[in-house]
Amino acid sequence: MDILNNISSVSEFIFVGLTSSQETQVSFFAIFFLVYVAIIVGNLLIVISVIVDNHLHSPMYFFLANLSFFDLCLSSAATPKVISDFLRKHKTISWWGCMTQMFFMHFFGGGEMALLIAMAIDRYVAICKPLHYKTIMSPRVLTGFLLLSWVIGLIHTTSQMVFTVGLPFCGPNVLDSFFCDLPLVIKLACTETYILELLVVVNSGLLSLICFILLLISYVVMLVTIWQHSSSASSKALSTLSAHITVVTLSFGPATFIYAFPFNSYSVDKFLSVFYSIITPLLNPLIYTLRNQEMKAAIKRLSNQHIGSWLNP
């Protein structure tokens, strides 16, 4: 701590925020608060439903429950602070608070992307190798994929944050954002950061783009396989696959744009940041529940059980 203080005179960062209008900030507070509550309720419903409902004890729902948990954690890394800042005139965050926020956002973001790849592998095996599905996607393999997602998330964030924490900040401390975003914080450092900027582009932007392209190619292969088999099972697989493609696009699209060109200034960056950190965790449970009859039935059963136990204690 003392070493860091010796090389950095900045003890806090100041957020510009989304708007300077007080009336608009109050409106944003109400909107973001309601969205965050919906994120908590929606994702918790999926996690609890998968845990307690025996009908959902399958690899696909195992991954879905963990995706919801990642969404819950990712949105909670910054959103509560963003919501409270709408009611503050001076929006600040401590140096350590900023570093912690970035660490967990990249930790859960990187882990979620790894989990989405695991979900794509699960769908590929289910569609292209249906006779060997249960053998390949065994509980041991599922646990391995989950642990690997956590490890990848940890490596992803640590490889960037270990260098960012050591940067000297001795002057400007104003961030044109509403939360601590790695490229914006790096630009405030009073030293040469070209190597670190390159690391961010490769580690976050280029990696996201490559994974996104590979995922799209795998989904095209699966779609071709589905179209070759016209049956009710194929139509169900197509519905599930379309939900996966939508979620992958919503997750990788904004992240790829933000981090593939992180040190250029774009007017849409704030919108994409809102979309990636707040809107996507809300849309994921909506997409999977609205397009999945089994999930809707499980949530209905869960609700009926609780209502019944409340009416008949």
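Values below: all heavy atoms of this structure, side chains included; hydrogens, waters and symmetry mates excluded. Heads up: numbering here begins at 1 and tracks the sequence. Note that this is a predicted model, so its numbers are computed, not measured.
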In terms of hydrophobic clusters joined by side-chain contacts under 4.5 Å, are [X] and [Y] together?
X	Y	value
Val162	Phe108	yes
Leu115	Ile51	yes
Leu67	Ile152	no
Leu209	Tyr219	no
Phe69	Val37	yes

Of all heavy-atom pairs between [X] and [Y], which one has the smallest distance, and what is that distance?
X	Y	value
Ser75	Pro80	O-CD, 3.8 Å
Phe178	Val274	CZ-CG2, 3.3 Å
Cys128	Met222	SG-CG, 4.4 Å
Pro130	Ile127	CD-O, 3.7 Å
Ser177	Leu184	CB-CD1, 3.5 Å
Gly97	Ser94	N-OG, 2.9 Å

Is the closest side-chain heavy-atom distance between [X] and [Y] below 4.5 Å?
X	Y	result
His55	Arg301	yes
Ile186	Glu197	yes
Ile279	Leu250	no
Phe103	Thr164	no
Phe179	Gln101	yes
Ser277	Leu74	no
Ser76	Ile40	yes
Thr157	Phe104	no

Out of curiosity, [X] [atom1] to [Y] [atom2], how far, rounded to the nearest 0.5 Å?
X	Y	atom1	atom2	answer
Arg123	Leu215	CZ	CG	14.0 Å
Thr246	Leu283	OG1	CG	10.0 Å
Cys98	Leu188	SG	CG	9.0 Å
Glu112	Asp71	CD	CG	4.0 Å
Ser208	Ile213	OG	CD1	11.0 Å
Leu182	Lys187	CG	NZ	11.5 Å

Inset, instruction - Under the side chain to side chain contact (heavy atoms under 4.5 Å, CB included) rule, what do Val26 and Phe86 come out as? Steps first, then yes or no, please. - result: CA-CA 6 Å; Val26 172; Phe86 284 129; over 6 Å; no
Inset, instruction - Take the angle between the ring planes of Phe28 and Phe32 and call it parallel below 30°, perpendicular above 60°, tilted in between. - result: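 Phe28 vs Phe32 ring planes: perpendicular.
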Inset, instruction - Name the orientation class of the two ring planes belonging to Phe212 and Phe252 (parallel below 30°, tilted from 30 to 60°, perpendicular beyond 60°). - result: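 Rings of Phe212 and Phe252: parallel, as their planes differ by under 30°.
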Legend entry - Exam field: side chain His156 to backbone Ser204, donor-acceptor pair closer than 3.5 Å: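 Absent.
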Inset, instruction - Give a yes or no answer on whether the side chain of Ser27 reaches the backbone of Glu23 with a donor-acceptor pair at less than 3.5 Å. - result: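 Yes, because the side chain of Ser27 sits within donor-acceptor range (under 3.5 Å) of the backbone of Glu23.
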Inset, instruction - Go through the steps to decide whether Asp181 and Leu175 satisfy the test side chain to side chain contact (heavy atoms under 4.5 Å, CB included), and finish with yes or no. - result: CA-CA 9 Å; Asp181 199 11; Leu175 294 168; over 6 Å; no
Inset, instruction - Examine the side chains of Tyr124 and Thr225 and answer whether a donor and an acceptor come within less than 3.5 Å of each other. - result: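 Note: Tyr124 and Thr225 side chains miss the donor-acceptor criterion.
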Inset, instruction - Go through the side-chain N and O atoms of Asp122 and Tyr133 and say whether any donor and acceptor fall under 3.5 Å apart. - result: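 Note: Asp122 and Tyr133 side chains meet the donor-acceptor criterion.
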Legend entry - Residues, nucleotides or ligands: over 12 heavy atoms within 6.0 Å of Phe275 CZ: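 Above 12, so yes.
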Inset, instruction - Quick one: name the residues clustered hydrophobically with Ile14, using the 4.5 Å side-chain heavy-atom rule over I, L, V, M, F, W, Y, and just say none if it's on its own. - result: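 Once heavy-atom contacts under 4.5 Å are chained together, Ile14 belongs with Val16, Val174.
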Legend entry - Derivation of the side chain to side chain contact (heavy atoms under 4.5 Å, CB included) call for Met102 and Val185: CA-CA 10 Å; Met102 290 189 293; Val185 173; 3.7 Å; yes
Inset, instruction - I would like to know whether Leu116 and Met119 meet side chain to side chain contact (heavy atoms under 4.5 Å, CB included); could you show each step before the answer? - result: CA-CA 5 Å; Leu116 286 171; Met119 293 175 73; 4.1 Å; yes
Inset, instruction - Applying ring pair (Phe, Tyr, Trp, His ring centres under 6.0 Å), run through Phe13 and Phe169 and close with a yes or a no. - result: CA-CA 10 Å; Phe13 293 97; Phe169 297 93; 5.5 Å; yes
Legend entry - Option among Lys91, Lys89, Arg88 that satisfies the side chain to side chain donor-acceptor pair (under 3.5 Å) test with Gln25: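 The option that passes is Lys91.
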Inset, instruction - State which residues pass side-chain contact (heavy atoms from CB on, under 4.5 Å) with Ile155; sequence neighbours excluded, sorted by chain then number. - result: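 With neighbours one apart ignored, the set is Val151.
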Legend entry - Worked verdict on Tyr61 versus Ser49 for side chain to side chain donor-acceptor pair (under 3.5 Å): CA-CA 10 Å; Tyr61 294 109; Ser49 297; over 6 Å; no
Inset, instruction - Run through Phe107, Trp150, Phe63 and flag the one making a ring-ring contact (aromatic ring centres under 6.0 Å, His included) with Phe70. - result: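 Running ring-ring contact (aromatic ring centres under 6.0 Å, His included) over Phe107, Trp150, Phe63 with Phe70 returns exactly one hit, Trp150.
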